[in-house]
Each structure stands twice: as C-alpha cells, then as structure tokens.
Amino acid sequence: QVQLVESGGGLVQAGGSLRLSCAPPGRTLTFTSSAAMGWFRQAAGKEREFVASITWSSGRPYYADSVKGRFTISRDNAVYLQMNSLKPEDTAVYYCARNPGTGSVYRFSAYDLWGQGTQVTVSA
C-alpha cells in the first residue's frame, strides 16, 4: 500500500523558514492516479484546515488566504511546502495528502491518502 511520509518539520523562531517534503518512503513519488497533492495542518484543539494544493499535471497551486505570499507548494518527484515568514499561528501538525480527483482541492473529504504528519512549532 502506498504510504506518504512527511519530513522537514521542527522548531523555528517567528520570521524564520522551513521546507516540508512529502514522498512515499524509499522511492520517488508517482501520481498517475492523482489529480492533486495537498498540505493540511491541524493545531491543537482545532480542526484540520487546508493550507495548499498543487495539481499534478499542470502544477497549478492553490493556497489558503492565511498563507498566500508566505508559503509555496511545488512538486517534482516529491511534494514540497516552502514556508517563509513563519508566525506563531502557523504552529500545527502538517499533513500531506493525495487527491485522486474526486472533489475540490480545498476539501478535506476529497483526499484519500494521508501521511502521519510532521510537527511545526513557531516561537514568538
């Protein structure tokens, strides 16, 4: 079964940067069955929320308003989330997920495969 593994999380000061990666362990990512890949995050005590997504064929990105201009999603053989100008409110567990094309890239329910998440903590 295909799995997704996120990496690159950690502790950073406000204003700093982190780069998250997502790929199946041990091999490059192939998404012939995927319409898009996305990043979501979940802060303690809150619901999981959409962060960014990228369509696999064209590379078109989509972003939540809260991260526009600060985060950049990209893909080659993996999926990446470059996070700049981080704020304490960006603190959360970040998950990557696969959208097989069954729904909107913004909707949690449209994603059918999830990683275990990586913790991002931004200190003030």
Spacing of [X] atom [atom1] and [Y] atom [atom2] [to the nearest 0.5 Å]:
X	Y	atom1	atom2	answer
S66	R41	OG	CZ	4.5 Å
S21	Q82	OG	CD	9.5 Å
S17	R70	OG	CZ	10.5 Å
Q42	E49	CD	CD	9.5 Å
Q119	T91	CD	OG1	7.5 Å

Going by the angle between their ring planes, with limits at 30° and 60°, are Y94 and F71 parallel, tilted or perpendicular?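 Judged by the thresholds at 30° and 60°, the geometry between Y94 and F71 is tilted.
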
Does one hydrophobic cluster hold both [X] and [Y], with members joined at side-chain heavy-atom distances below 4.5 Å?
X	Y	answer
M83	I54	yes
W39	V67	yes
Y63	F108	no

Please check this pair: side chain of R19 against backbone of Y80, looking for a donor-acceptor N/O pair closer than 3.5 Å.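 No; judged by distance alone, with no hydrogens or angles, the pair does not exist.
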
Shortest non-hydrogen contact between [X] and [Y], atoms and distance:
X	Y	answer
S104	A110	O-CB, 3.3 Å
M37	C22	CE-SG, 4.2 Å
A124	A14	CA-CB, 4.4 Å
L18	V12	CD1-CG1, 4.0 Å
A78	A23	CB-CB, 3.9 Å
V105	A36	CG1-CB, 3.9 Å

With a 4.5 Å cut-off on side-chain heavy atoms, are [Y] and [X] touching?
X	Y	result
E89	V122	no
L20	E6	no
L4	V79	no
L81	V51	yes
Q116	V5	no

Are Q13 and L86 close enough, and set up right, to give a side chain to side chain contact (heavy atoms under 4.5 Å, CB included), and what steps lead you there? CA-CA 8 Å; Q13 290 187 330; L86 282 162; over 6 Å; no

Using 4.0 Å as the upper bound for N to carboxylate O, is an ion pair formed by D90 and K87?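 Salt bridge absent between K87 and D90.
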
Which residue is it: W114, Y95, Y106? I am looking for the one with a ring pair (Phe, Tyr, Trp, His ring centres under 6.0 Å) to F40.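 One option only clears the test, and that one is W114.
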
Indicate, with yes or no, if the rings of F50 and Y62 have centres closer together than 6.0 Å.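 No; Y62 has its ring centre 6.0 Å or more from that of F50.
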
